[in-house]
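Take a look at the structure below.
Naming: A, B, ... by sequence-line order, numbering from 1 per chain. All values below come from the heavy atoms of this structure, side chains included, with hydrogens, waters and symmetry mates left out.
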Amino acid sequence: MTTKKRNRDLEKSYSPDNIEKKWYEAWLENGLFNAEINPESKAFSIVIPPPNVTGSLHVGHAFDHTFQDIMCRTKRMEGYSVLWLPGTDHAGIATQNVVEKDLAKQKISRYDLGREEFVKKVWEWKKIYGSIIIEQMTRLGNSCDWRRERFTLDEGLSRAVRAVFVRLYKKGLIYRGKYIVNWCPRCATAISDLEVEYEESQGNFYYVKYPIINSAPCEGGEGQPAGEGVVSSNSGEEFLIVATTRPETIIGDVAIAVHPRSEKYKHLIGRHVRVPLTDREIPIIQDNMVDPEFGTGCVKITPAHDPNDFLVGLNHNLEQIQVIDSQGVMNENAGKYKGMTIAQAREESVKDLEELGLLLKTEKITHSVGHCQRCGTTVEPYLSEQWFVKTKPLAERGVQAVKDGRIKWTPEQWEKTYFNWMENIRDWCISRQLWWGHRIPAWICDDCGHITVAENDPTECEHCHSKNIKQESDVLDTWFSSALWPFSTMGWPDDKPELKYFYPTSLMVTGFDIIFFWVARMIMMGLEFMDDVPFRDVYIHSLIRDEHGKKMSKTKGNVIDPLIMIDKYGADALRMTLAALSVQGRDILLSSTRIETYRFFMNKLWNAARFALMNLDDEVHEIDINQLHLHDKFILTRTQEMAKRVRELIDSYDIGTAARGLYDFVWGDLCDWYLEMSKPALKGDEGEERRKTTAGVLEEVFKTTLPLLHPFIPFITEELWAAFGYGDEFLMRTAWPEAKSEYIFEESLSEMKVLQDTVRALRNLRAEAHVAPQQWLNKAVIKIEPAAPASKIFDAALNQISNLCRVREVLLESPKGEWTHGPSLSTVTTEAEIKLPVGDVLDVPKEIARLESDIVSIEKDVAKSKARLEKSDFVSRAPAEVVEKERGKVQAGESQIQRLQENLKSLKEN
RNA sequence: GGGUGGUUAGUUCAGAGGUAGAACGCUUCCUUGACACGGAAGAGGUCAGAAGUUCGAUUCUUCUAUCACCCACCA
């Protein structure tokens with residue numbers, strides 16, 4: 001005989017605060033989060049998407065982490081050696097910006113401090129927010145191996161970054177050059193294509209007249225309409241009409257381009273025009289890039305300030321005249337506009353053009369304008385010296401890895417998005433003119449100009465051995481270091497046992513917003529440097545929005561702070577909410593009332609356990625199969641089902657269905673039905689044997705269910721586990737329950753359904769007849785059609801009906817035919833000898849109206865079914881059970897109508 | 001211009017080729033001995049529209065409308 005020391009003294013309602021703290025500390029102290037390299041067991045590993053140290057975590061992180069924690073906890077229970085590697089990201093530009101903003105409050109700019117001092121300030125910031133983030137993660141219950149916590153700017157990762165940079169450079173996959181890049185004038189740095197966010201906005205399309213040099217009279221004569229491209233003035237001078245949205249760059253024009261096959265301009269190719277506002281003369285050239293249908297069909301070429309023009313400039317060997325500087329101010333090449341901002345220069349030049357009579361007209365157009373992802377400033381195309389990664393060869397391997405199934409995407413649809421981007425990938429600008437980040441390991445020689453790229457700081461130029469070398473001042477794009485995360489965190493470039501055991505990681509969980517920024521680049525880097533994928537599965541989840549579907553943002557004030565939610569409802573409630581809400585491929589709308597729902601669930605579970613404990617003695621009772629009643633078999637069967645199903649669902653990353661299934665199981669099957677029905681036995685009303693077996697069942701159900709719930713709601717389940725007396729071993733460490741075949745009774749499910757339908761029908765009748773809940777009825781006659789379960793077990797369960805519905809005698813009336821299992825047996829009609837009270841109890845007219853409308857709607861259903869049955873094809877071709885079900889519907893409906901009509905009649909008579 | 005996802009109860013969302021489900025809200029009743037953070041009963045739906053496949057479509061196909069997002073271009 002086994003005994004357990006139960007704690008029957010649980011609080012009447014669940015309060016999470018102390019319990020959560022207590023268990024988290026206990027798990028930590030006992031090293032339960034620690035990942036061990038164990039050749040005996042299989043490895044499961046996840047590297048956390050490192051949160052930016054820009055601020056504290058938001059609920060999106062909480063969602064992401066809950067998902068990963070559920071996976072990790074489940075895998076641990078399944079016997080895997082689990083590594084969940086935590087860390088944070090230095091988030092270059094983003095963090096630099098928040099620190100700058102913070103300093104601005106004291107009227108200090110980063111230039112006041114200088115590079116070294118400023119970086120020190122950022123480290124101070126990182127120290128504060130890095131630890132806040134870690135604190136938040138522990139509050140949520142994250143089972144990360146904190147011994148292995150990493151930061152993208154720590155020493156080990158810096159080494160990895162350098163190694164990768166040098167190797168790519170030596171391989172020719174990193175190059176440096178003067179190109180047009182996206183430039184944020186406010187941040188004063190280059191940014192990558194991905195960091196530009198486009199927005200439609202209203203702008204002006206200026207039609208500018210460029211005087212054609214030595215123009216011969218045009219055969220078209222005078223005054224051609226605008227848009228034809230060429231107009232003549234009264235003096236006979238001819239103008240080429242060029243449309244532009246950026247008149248301030250006219251002074252940087254070096255050519256006018258037309259399409260080679262353009263009939264309209266054929267005769268002008270090779271001629272020259274004068275650039276308005278200057279006295280420069282520039283050629284008219286031909287290039288395929290021009291769309292003859294757009295604008296006037298000719299384009300001004302400004303290689304220093306437009307990416308397309310830049311390419312045209314290269315092809316035609318044109319000069320690059322820069323007129324705007326890195327801060328967005330007109331420079332010395334801009335003549336009279338020097339010192340003006342872009343907007344001022346635009347306004348001025350338009351005015352000047354007008355005065356000179358060179359502005360033909362202005363049209364309104366909408367076009368999309370790029371903004372800096374981090375500060376919202378309009379992005380300028382800017383010509384500058386930058387570093388790039390040649391991505392094509394890397395991307396090809398990345399595409400291949402997904403195509404041949406080495407990486408699997410869930411939901412699959414994201415594969416397409418990934419392929420589309422990877423197949424059209426462009427080189428990645430990785431240099432940033434920032435101070436916070438990995439400084440590029442390149443040293444430029446003052447004497448010979450050679451660039452030395454090395455893992456260790458060199459003392460001399462590798463080409464001319466001059467000591468006059470200076471390290472490149474640029475830092476790397478923050479995503480460069482994140483791209484290495486799956487292996488850099490495990491000690492690469494050293495040959496660590498961790499790498500062998502835990503790489504490739506098993507799963508990457510993240511949002512679709514960083515597929516390009518991060519996921520794709522990890523794949524490329526992993527394949528290049530580890531010669532293997534960084535993860536086998538990618539799970540892309542939806543984004544969390546507020547209850548109105550709006551993106552959460554601090555400025556909108558609709559941010560749900562996970563810590564506040566945890567304080568208010570507990571971590572388990574938040575986790576369960578996030579898990580249950582998670583659905584593939586749709587945004588998730590979160591509101592605090594939703595969390596409340598799951599807070600109530602915690603209390604429900606708590607009280608269900610409390611009930612069980614109140615009815616369990618210290619002895620662990622064997623389950624005597626022969627003593628089991630229908631509801632016992634039912635709950636045992638459902639419990640085994642859950643054990644199997646939840647595991648399958650988690651394995652296929654469908655934690656939403658798993659969580660909702662558990663919720664329904666606990667609240668519905670267990671609390672609403674089983675606990676209610678087990679009461680008489682537990683009280684001893686059915687004798688000692690039944691009491692013991694029922695106690696055994698109850699114990700079995702909780703012992704199986706608590707582990708299933710644990711990955712979702714670890715704290716409350718661990719507490720209850722201990723209360724049941726299983727505390728010798730942590731719940732966190734127990735094995736995932738296997739479904740026990742001896743506790744599966746298939747037929748109990750359908751029989752229970754009949755019972756439940758019967759009870760519901762009876763309760764319905766009571767409510768309809770306004771019988772007081774306390775009042776016992778003498779007799780109920782229940783008709784079950786088309787057939788009642790003929791099993792003994794079901795007959796025995798009739799006592800339960802009497803118990804649940806307060807009827808002294810329950811009679812079962814049915815054509816006791818063959819009991820066949822299946823859903824078609826669920827049609828139950830019940831009749832009870834309940835006389836409708838009249839007069840003071842019933843509102844007679846209201847009751848009559850209700851009955852009449854009920855009859856009408858049932859008649860409609862019956863008619864629908866009859867119509868179907870009359871279609872000859874239906875009867876002959878539909879499966880027999882479908883037809884049978886339809887017939888049952890008609891019968892049931894008709895008898896219900898009959899019953900209601902009798903009620904109606906008797907009401908009217910009174 | 002290319003692509004993806006959505007349109008189901010008052011609201012937010014599940015769902016599945018054959019009786020439309022949940023949560024919250026609403027109505028009526030119940031302080032019943034685990035739980036009022038509870039229990040019972042109920043109202044509320046042409047499953048966006050049209051056509052097709054099928055014995056049968058809310059579910060599959062096509063088209064339309066509409067909303068959201070992503071990518072590219074924008075002189």
Side-chain angles (χ1 to χ4, degrees), chain A residues 10 12-14 198 200 203 205-206 242-246 249 256-257 289-291 294-302 306 308-309 312 365-369 411 413-414 416-417 420-421 424 512-513 515-516 542-543 547-549 569 573 580-581 583 585-591 593-594 596-615 656-657 660 663-664 671-672 675-676 679 683 759-760 763-768 770 772-774 804-806 823 826-827 850 861 864-865 868 871-879 881-883 885-886 888-889 892:
Chain A
L10 300 183
K12 199 170 168 186
S13 59
Y14 174 62
Y198 289 93
E200 290 281 296
F205 211 22
Y206 303 97
V242 177
T244 180
T245 54
R246 304 203 56 191
T249 64
I256 300 294
M289 147 269 193
V290 180
D291 175 1
F294 191 85
T296 60
C298 47
V299 185
K300 71 192 216 37
I301 301 300
T302 322
D306 181 276
N308 288 321
D309 294 5
V312 174
I365 56 157
T366 52
H367 58 149
S368 58
V369 176
Q413 68 194 62
W414 292 111
K416 253 192 194 167
T417 311
N420 190 38
W421 189 73
N424 299 293
F512 58 77
D513 50 336
I515 289 178
F516 306 144
S542 337
L543 297 187
E547 55 196 306
H548 309 292
Y569 304 108
L581 251 44
V583 174
R586 209 204 263 241
D587 289 341
I588 295 162
L589 276 55
L590 184 72
S591 65
T593 58
R594 240 162 225 283
E596 209 167 33
T597 303
Y598 289 94
R599 167 73 186 85
F600 295 159
F601 175 69
M602 296 309 136
N603 198 53
K604 189 73 178 175
L605 175 65
W606 182 260
N607 274 289
R610 202 163 73 97
F611 169 82
L613 287 164
M614 285 164 74
N615 288 289
T657 307
R660 289 190 297 269
Y663 179 98
D664 290 340
C671 294
D672 289 345
L675 294 189
E676 289 308 320
K679 278 174 183 173
K683 289 263 143 36
V759 169
R760 283 201 196 97
R763 282 174 176 163
N764 177 314
L765 278 174
R766 286 184 66 117
E768 243 177 50
H770 297 271
Q774 308 86 345
L804 292 166
C805 303
R806 291 178 187 247
S826 63
T827 324
R850 198 159 79 181
D861 285 350
K864 221 165 94 187
S865 295
R868 274 183 92 182
K871 282 186 89 164
S872 55
D873 278 355
F874 174 70
V875 180
S876 60
R877 299 187 58 171
E881 65 227 50
V882 174
V883 176
K885 204 194 266 181
E886 207 64 43
K889 251 158 78 178

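Atom-to-atom, CG of A/L675 to P of B/rA40 comes out at 12 Å; the value is rounded to the nearest Å. Atom CZ in A/F516 sits roughly 15 Å away from atom P in B/rG3 (whole-Å rounding). Taking atom OH on A/Y663 and atom P on B/rC13, their separation rounds to 18 Å, with Å as the unit. The distance between atom CZ of A/F611 and atom P of B/rU32, rounded to the nearest whole Å, is 16 Å. Rounding to whole angstrom units, OH of residue A/Y198 and C1' of B/rC70 are separated by 14 Å. Rounded to an integer number of Å, the gap from A/K679 NZ to B/rG33 C1' is 7 Å. Per the geometry, CG belonging to A/L605 stands 16 Å off P belonging to B/rA34, to the nearest Å. Atom CG of A/L10 is separated from atom P of B/rA34 by 14 Å (rounded to the nearest Å).
Here the CD1 atom belonging to A/I301 is positioned 8.0 Å from the CG atom belonging to A/D306, to the nearest 0.5 angstrom.
Here the two rings, on A/Y598 and A/Y569, have centers that are 6.0 Å apart or farther.
Listed candidates were B/rU4, B/rA75, B/rA34. Nearest to the side chain of A/C671 is B/rA34. The side chain of A/F205 has B/rA75 as its nearest neighbour among B/rA75, B/rA34, B/rA14. Closest to the side chain of A/D306, from the set B/rG39, B/rC35, B/rA75, is B/rA75. Closest approach to the A/N607 side chain among B/rA75, B/rA34, B/rU32 is made by B/rA34 (side chain taken as heavy atoms from C-beta onward). In the set B/rC37, B/rC69, B/rG3, the nucleotide with an atom closest to the side chain of A/F512 is B/rC69. Distance from the side chain of A/D672 is smallest to B/rG39 among B/rC69, B/rC37, B/rG39. Here B/rC35 is the nucleotide among B/rU32, B/rC35, B/rA75 with the atom lying nearest to any side-chain atom of A/R610. Out of B/rA34, B/rA75, B/rA14, the shortest distance to the side chain of A/M614 is found at B/rA34. For A/K683, the side-chain atoms get nearest to B/rG33 when compared with the rest of B/rC37, B/rG5, B/rG33.
With P as the reference atom, B/rU28 and B/rC47 are 30 Å apart, rounded to whole Å. For the C1' atom pair drawn from B/rA20 and B/rU62, the interatomic distance equals 25 Å after rounding to whole Å. For the C1' atoms, the distance linking B/rA50 with B/rG42 amounts to 36 Å, nearest Å. As rounded to the nearest Å, B/rA48 and B/rC13 have P atoms that lie 15 Å from one another. Separating the P atom of B/rU8 from that of B/rC60 is a span of 15 Å, rounded to the nearest Å. Comparing the C1' positions of B/rG15 and B/rC73 gives an interatomic distance of 41 Å, to the nearest angstrom. Comparing the same atom, P, in B/rG3 and in B/rU64 gives a spacing of 13 Å after rounding to whole Å. Across B/rU46 and B/rU58, the matching C1' atoms stand 10 Å from one another, rounded to whole Å.
For the pair A/R594 and A/R763, nearest-nucleotide mapping onto RNA chain B gives the more 5' position to A/R594. Nearest-nucleotide positions on RNA chain B for A/R760 and A/E200 put A/R760 closer to the 5' end.
At a cut-off of 3.5 angstrom, counting only N and O atoms as typed in the model, there is a donor on one side and an acceptor on the other between the side-chain of A/E676 and the base of B/rA34.
Residue-level contact check: A/T417 touches neither bases nor backbone, having no heavy atom under 4.0 Å from any strand. Among the atoms of the strands shown, none is found under 4.0 Å from any heavy atom of A/Y14.
At least one side-chain heavy atom of A/T597 sits under 4.5 Å from a side-chain heavy atom of A/Y663. Two residues are said to be in side-chain contact when any heavy atoms from C-beta on lie closer than 4.5 Å; A/K679 and A/N615 fail this criterion.
For A/K604, no side-chain nitrogen or oxygen approaches OP1 or OP2 of B/rA34 to under 4.0 Å.
Checked by atom type and distance alone, the side chain of A/N420 never pairs as donor or acceptor with a backbone atom of A/K416 at under 3.5 Å. Not one N or O on the side chain of A/N603 forms a donor-acceptor pair closer than 3.5 Å with the backbone of A/S13.
For B/rU7, the paired base is B/rA65 (Watson-Crick or G-U wobble, both distances below 3.5 Å). Using the Watson-Crick or G-U wobble rule with both distances under 3.5 Å, B/rU12 pairs with B/rA22.
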**OP:** Kindly determine whether A/M614 and A/L10 satisfy side-chain contact (heavy atoms from CB on, under 4.5 Å), including the steps that lead there.
**Re:** CA-CA 10 Å; A/M614 285 164 74; A/L10 300 183; over 6 Å; no
